[in-house]
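Naming: A, B, ... by sequence-line order, numbering from 1 per chain. The analysis underlying the following values was restricted to heavy atoms, covering all of them including side chains, and did not include hydrogens, waters or symmetry mates.
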There are 2 protein chains.
Amino acid sequence: MDRRVTKKGDDASGKERPTLKTLAFMTGLGVTTVSRALKDAPEIGAETRRRVQLVAKQIGYRPNRAGVRLRTGKTNVISLVLNTEHELMSFVSDIIYGVTEVIADTPYHLIVTPYSRSQDPLDPVRYLVETGSADGVIISRTQPNDPRARYMLEHGVPFATHGRTDMGLVHPYHDFDNYAFAGEAVRALAAKGRNRLALVTPPVGLTYFRYTVNGFADALSEVGASEVPFNTVSIDHTIEQIRMRTAQLMRRDDRPDGIISSAAAATLAIVAGIEDAGLKLGRDVDVVSKQSSEVLHLFRRELLVVNEDFRLAGSELARAVLGWIAGKEPGSLQSLSKPSEVLPYRG
Amino acid sequence: MDRRVTKKGDDASGKERPTLKTLAFMTGLGVTTVSRALKDAPEIGAETRRRVQLVAKQIGYRPNRAGVRLRTGKTNVISLVLNTEHELMSFVSDIIYGVTEVIADTPYHLIVTPYSRSQDPLDPVRYLVETGSADGVIISRTQPNDPRARYMLEHGVPFATHGRTDMGLVHPYHDFDNYAFAGEAVRALAAKGRNRLALVTPPVGLTYFRYTVNGFADALSEVGASEVPFNTVSIDHTIEQIRMRTAQLMRRDDRPDGIISSAAAATLAIVAGIEDAGLKLGRDVDVVSKQSSEVLHLFRRELLVVNEDFRLAGSELARAVLGWIAGKEPGSLQSLSKPSEVLPYRG
DNA sequence: CCAATATACTGAAACGTTACAGATTGCCAA
DNA sequence: TTGGCAATCTGTAACGTTTCAGTATATTGG
């Protein structure tokens, strides 16, 4: 029994996934016509077009990704490049959901491309570009002078960065206004009579470190408060390190009476450190912290919080890359998200 | 000037990505030979094989994924199917990193396939199978009678589940021993003299709900403690709901003196509810909670914790799917992770 | 020394898609 | 009638890979 007698496409019966050939056979048209009809090409008759599209819908035709990709080079893939050590848990989760929300009704798939501490952050990007694995890339942990952004720009690969760069090059980004955040935080603390402030910064090399530090500094002089330097940790440090350093700091005579934290996880450690030093939150010191989910007020209601929406960031970044892929001006695909006001615990 | 004179592959100069044709031209061999040489086929001479592989390495040849996929149907993709509303943040982040760790030095890519509350959980799986978008699938939120597992089994698609099923069908899984967890938790509370215990369960339909409930019930009768029913919430509920219901519960005369929580986020809410009711953790009630990162002891040091490692889960699941794809017996790709002991705060 | 056989290699076809360069038809102006 | 042209439709080739069915050469057994 030679199964090859019944060639695929000669019969329209099978359980095989329908292809253009199947569709062509069913409609009695040529493969080319079917292909063009499905993408609303102008040189296809109105009725034919409708007929093809109807049949395609009926039998659940889905273009074969490999076929399209091989022929056109279009992968229909967006890659999210993540650091496996230093990204915040909430960031990973929320940004992924934000991205998938946007690409849900597009043909795009999301692939996650990780890199670890030991690697050059450029490695995964280089891999993606060299192998042509994605039509667009989203990167985080953006630096003022970011080799990844430069590389992708040079290679003509659409991308969006979480955080801005400062290279005089224009590209899509989404950023949270950390300058405003730090400023608001300082003012909120000043309003509570705090005037010796410390800042737990973002990781030092990243762009938003600068924005945070500048917002902090400018607001300090605006309200006439002073800085208590606390440069031994950033939010990239471990819980234990932050906790220990905070305890050290808070045991000093010149300890701050207000602390600003750039991440919720760090804040847990900061508060623990404060309490290790025998001090009480809200009495001896106030803390303003960014958070990305409503968790800190359950932790200590004395905390002051500012919300950063990572899901929004994911959506914006996805929209930006897709926009660039679709031919929009990169310069028009930049967004900055204003911080919420500084929120105290509300019953 | 007709650029087509210089056909691709006729010259080995270009910046174009090398293909088998490039390699064939450079080595002076046929495309077929090169292809076979690269995969160590037996009918290729030892020297030829070495020569081809050397050249391939030198010029950084990478097989074109679309070509392979079109020809063989192999996608080299693993898909992780996630619920965009109900997965824990830490779960998403850790499991992704666990998976990527394992597939890092394989040709596999990880794609994230989301589905939302409104959708049938079977939808994304059906999509993946119908479009042949992945060689293997990882699902979570596994149910005793899981239509997704059944569907993939019927369609011959390798997969692994986070959590077990109970359909008499054998497939790879990784699970945390929630029966043991609940038992240990009960015993730890009993050891502190607590004997009226409440359980904040996993989501009701999922398999690990049963294991948790059974472990709880068996240990209760073992230590002679009694259950205070608390069926109005599960860890799928919002922080606010859990908090409110817990406060309600704790204001009753027959309130529990011990609570077991299946997730860290829920525990934050439970503690808030306890304190809303004017009670004190560690004095009026003890709480044992699962957590996936060291966060709860910063929150309240009176908490008792059990650690569940989601990164490990991710790695195990990835290993399991890859194993199945590679032809191993599905029954040999099952693993159960024992809970850590119940840990009090240690300085 | 011939045939059989093993060894090492090769071209053609196919996977599903799109782009290119026609082909066919009908209709109208000259 | 004829030539031209617009409107529709079509076959072929190509993307990069693997599989199938060989071919050519060397090696072996009798």
Among all residues two or more places apart in sequence or in another chain, which pass the ring-ring contact (aromatic ring centres under 6.0 Å, His included) test with His174(A)? none
Do other residues, nucleotides or ligands put more than 12 heavy atoms under 6.0 Å from Lys74(B) NZ? yes
Got a sec, which residues hit side-chain contact (heavy atoms from CB on, under 4.5 Å) with Ser133(A), two or more places apart in sequence or on another chain? Arg69(A), Tyr127(A), Leu128(A), Thr131(A), Arg65(B), His109(B)
Tyr61(A): ring-ring contact (aromatic ring centres under 6.0 Å, His included) partners, not counting sequence neighbours: none
Could you tell me whether the side chain of Arg17(B) and the main chain of Arg62(B) form a donor-acceptor pair under 3.5 Å? yes
Phosphate contact (dT18(D) OP1 or OP2) by Ser35(B) side-chain N/O below 4.0 Å: yes
Check the phosphate of dG16(C) against Lys21(A), side-chain N and O only, distance under 4.0 Å to OP1 or OP2. Yes or no? no
Can you tell me how far P of dC15(D) sits from CZ of Arg62(B), to the nearest Å? 22 Å
Leu20(A) atom CG is separated from dC15(D) atom P, nearest whole Å, by 19 Å
From C-beta outward on Leu70(A), which listed nucleotide comes closest to its side chain: dC15(D), dT17(D), dT18(D)? dC15(D)
Taking only residues two or more places apart in sequence, or in another chain, which ones meet Thr106(A) in a side-chain contact (heavy atoms from CB on, under 4.5 Å)? Ile103(A), Tyr108(A), Leu322(A)
Axis-to-axis angle for the helix from dC1(C)-dG30(D) to dA30(C)-dT1(D), ends of five pairs each, to 10°, equals 60°
Side chains of Leu54(B) and Gln58(B) in contact at under 4.5 Å (non-hydrogen atoms): yes
If you measure from the Lys or Arg side-chain nitrogens to the Asp or Glu carboxylate oxygens, is any gap between Arg50(A) and Glu47(A) under 4.0 Å? no
Below 3.5 Å between N/O atoms, which protein atoms pair up with nucleotides 4-11 of chain C? Just atom names and distances, please.
| residue | atom | partner | partner atom | Å |
| --- | --- | --- | --- | --- |
| dC9(C) | OP1 | Thr48(B) | OG1 | 2.7 |
| dC9(C) | OP2 | Gly45(B) | N | 2.9 |
| dC9(C) | OP2 | Thr48(B) | OG1 | 3.1 |
| dT10(C) | OP1 | Gly30(B) | N | 3.4 |
| dT10(C) | OP2 | Gly30(B) | N | 2.6 |
| dT10(C) | OP2 | Thr33(B) | OG1 | 2.4 |
| dG11(C) | N7 | Thr32(B) | OG1 | 3.1 |
| dG11(C) | O6 | Thr32(B) | OG1 | 2.7 |

Minimum-distance nucleotide (side-chain atoms of Arg71(B) versus dG16(C), dT18(C), dC15(C)): dC15(C)
Check the distance between dT19(D)'s P and Arg69(B)'s CZ and give it to me in whole angstrom. 17 Å
Could you tell me how far apart Asn64(A) (CG) and dA14(C) (P) are, to the nearest whole angstrom? 17 Å
To the nearest Å, give me how far apart CD (Glu47(A)) and P (dT8(D)) are. 11 Å
To the nearest Å, give me how far apart CZ (Arg65(A)) and C1' (dT17(C)) are. 14 Å
Measuring from atom CG of Leu312(A) to atom CD of Glu101(A), what distance do you get when rounded to the nearest 0.5 angstrom? 9.5 Å
